[in-house]
Visitor: 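So that we are looking at the same thing, I have put the structure below in structure tokens.
Computed from heavy atoms alone, side chains included, the values below leave out hydrogens, waters and symmetry copies. Residue numbering restarts at 1 for every chain, and letters A, B, ... go by the order of the sequence lines. Fair warning: this is a prediction, and the values are worked out from it, not measured in the lab.
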2 protein chains.
Amino acid sequence: MGASARRGPYFCGIDAAMDVVAGKWKSLILWELHQHGTRRFAELRRGLPGVSEKMLIQHLREMEEDGLVHREVYHQVPPKVEYSLTEDGVSLNAALAPLGEWGTERMRRIGAGRVLVDGAAATGR
Amino acid sequence: MGASARRGPYFCGIDAAMDVVAGKWKSLILWELHQHGTRRFAELRRGLPGVSEKMLIQHLREMEEDGLVHREVYHQVPPKVEYSLTEDGVSLNAALAPLGEWGTERMRRIGAGRVLVDGAAATGR
DNA sequence: TGGGGTACGCACCTGCGGGTAAGTACCAGT
DNA sequence: ACTGGTACTTACCCGCAGGTGCGTACCCCA
């Protein structure tokens with residue numbers, strides 16, 4: 001409850017897309033899954049510094065409902081769940097790419113330092 | 001007050017851009033200004049059915065701070081103010097275009113009827 | 001035998017994003 | 001004289017997005 005209640009009639013394509021990526025971590029999750037292909041829950045949590053477990057799950061569930069991510073459960077113990085992008089998720093990410101470039105360019109202009117925790121930086125945008 | 005406090009350090013370009021377009025009406029304002037080139041306050045209000053005056057102004061002010069829109073005041077009475085996109089606003093809109101197409105495609109798939117008030121529809125996405 | 005990891009579920013709470021409504025200073029039209 | 005339009009401002013209120021924290025069932029490793 002409280003999760004969806006969305007899919008309301010939209011004004012145009014942009015807010016239909018915005019509705020789906022709305023949420024503090026949605027776009028980051030997209031990006032993370034896009035870069036690594038497949039990630040387990042705990043890997044995602046570590047990849048998104050600052051995210052709470054509650055929000056991670058909530059967002060992942062919503063994105064699954066929206067057909068953006070695929071959830072593969074391995075019935076074993078300890079539990080193992082793998083998340084990956086669906087076709088729609090991949091295309092959404094592609095559609096987000098120019099926006100990401102615009103944002104990177106903007107960060108350069110206003111000098112908003114990016115926060116990086118991984119040593120895996122330097123791969124660019 | 002309560003307006004900005006943003007520009008926090010970003011993880012990547014995407015959420016730097018998302019920070020700027022965050023807000024219920026921001027993307028719609030971008031789109032409206034892009035389509036009409038220059039619009040007065042009341043024209044925007046009529047173009048965004050459902051927006052409150054308070055939010056319209058607040059968003060316009062923030063977007064002006066962020067260097068997305070230009071605000072031209074004509075010191076006359078009755079007051080006249082014209083809003084238009086800056087170069088950054090135009091490029092942001094261009095960066096949003098693929099996202100808009102993705103959203104339109106998605107609306108087609110899930111059959112979320114779009115809400116149109118203008119007769120000026122049919123121009124597509 | 002106890003600490004840590006995996007993938008969550010649930011209850012509680014706070015902040016703020018956004019809505020509502022009223023007020024302002026001035027003028028044009030009827 | 002009254003209504004309506006222009007471009008706001010200010011005060012108040014409310015819902016929900018998101019954070020914190022605890023609990024769970026099971027296993028591995030020291």
Visitor: Would you indicate, yes or no, if dT6(D) has its OP1 or OP2 atom less than 4.0 angstrom from a side-chain nitrogen or oxygen of R40(B)?
Guide: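 Negative; the distance criterion is not met.
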
Visitor: Measure CZ/F41(A) against P/dG9(C) and give the value in whole Å, please.
Guide: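 That distance rounds to 9 Å.
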
Visitor: Rounded to whole angstroms, how far apart are CD on E43(A) and C1' on dA7(C)?
Guide: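 It works out to 13 Å between those atoms.
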
Visitor: By nearest atom, which of the nucleotides dG18(D), dC8(C), dC8(D) is closest to the E53(A) side chain?
Guide: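 Given the options dG18(D), dC8(C), dC8(D), the side chain of E53(A) is closest to dC8(C).
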
Visitor: Any side-chain N or O of H59(B) below 4.0 angstrom from OP1/OP2 of dG17(C)?
Guide: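 Checking H59(B) against dG17(C): no side-chain N or O falls below 4.0 Å of OP1 or OP2.
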
Visitor: Judged by modelled atom types alone, do H34(B) and E32(B) share a side-chain donor-acceptor pair under 3.5 Å?
Guide: no

Visitor: Tell me: CZ of R45(A) to P of dC8(C), nearest whole Å?
Guide: 11 Å

Visitor: If you compare all heavy atoms of G103(B) against all heavy atoms of A16(A), which two are closest, and at what distance to 0.1 Å?
Guide: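 It is O-CB, 3.9 Å.
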
Visitor: Rounded to whole Å, please give me the gap between NZ in K80(B) and P in dG5(D).
Guide: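 The distance from NZ of K80(B) to P of dG5(D) comes to 18 Å, rounded to the nearest Å.
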
Visitor: Taking any heavy-atom pair under 4.0 Å as a contact, classify Y83(B): base, sugar-phosphate, or nothing.
Guide: sugar-phosphate

Visitor: When you check the side-chain N and O atoms of R39(B) and Y83(B), is any donor under 3.5 Å from an acceptor?
Guide: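 Per modelled atom types, R39(B) and Y83(B) side chains form no pair under 3.5 Å.
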
Visitor: Of the options dG19(C), dC27(D), dC8(D), whose atoms approach the side-chain atoms of I57(B) most closely?
Guide: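 Looking only at heavy atoms from C-beta outward on I57(B), the closest nucleotide is dC8(D).
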
Visitor: Given side chains that start at C-beta, do those of R106(B) and R109(B) come closer than 4.5 Å, heavy atoms only?
Guide: yes

Visitor: Rounded to the nearest Å, what distance is computed from the CZ atom of residue R61(B) to the P atom of nucleotide dT10(D)?
Guide: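 Atom CZ in R61(B) sits about 10 Å away from atom P in dT10(D).
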
Visitor: Does R46(B) place a side-chain N or O at less than 4.0 Å from the phosphate oxygens OP1/OP2 of dT6(D)?
Guide: yes

Visitor: Can you check the L28(B) CG to dG18(C) P distance for me, whole Å?
Guide: 12 Å

Visitor: Side chains of R45(A) and V51(A), heavy atoms from C-beta outward: is any pair under 4.5 Å?
Guide: yes

Visitor: Check whether any side-chain N or O of K54(B) sits under 4.0 Å from OP1 or OP2 of dA22(C), and answer yes or no.
Guide: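 No, because none of the side-chain N or O atoms of K54(B) sits under 4.0 Å from OP1 or OP2 of dA22(C).
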
Visitor: Starting at CZ of R39(B) and ending at P of dT6(D), how long is that distance when rounded to a whole Å?
Guide: 12 Å

Visitor: Roughly how many Å is it from CE in M55(A) to P in dG21(D), rounded to a whole number?
Guide: 17 Å

Visitor: R71(A) side chain N/O closer than 4.0 Å to the phosphate oxygens (OP1, OP2) of dC8(C)?
Guide: yes

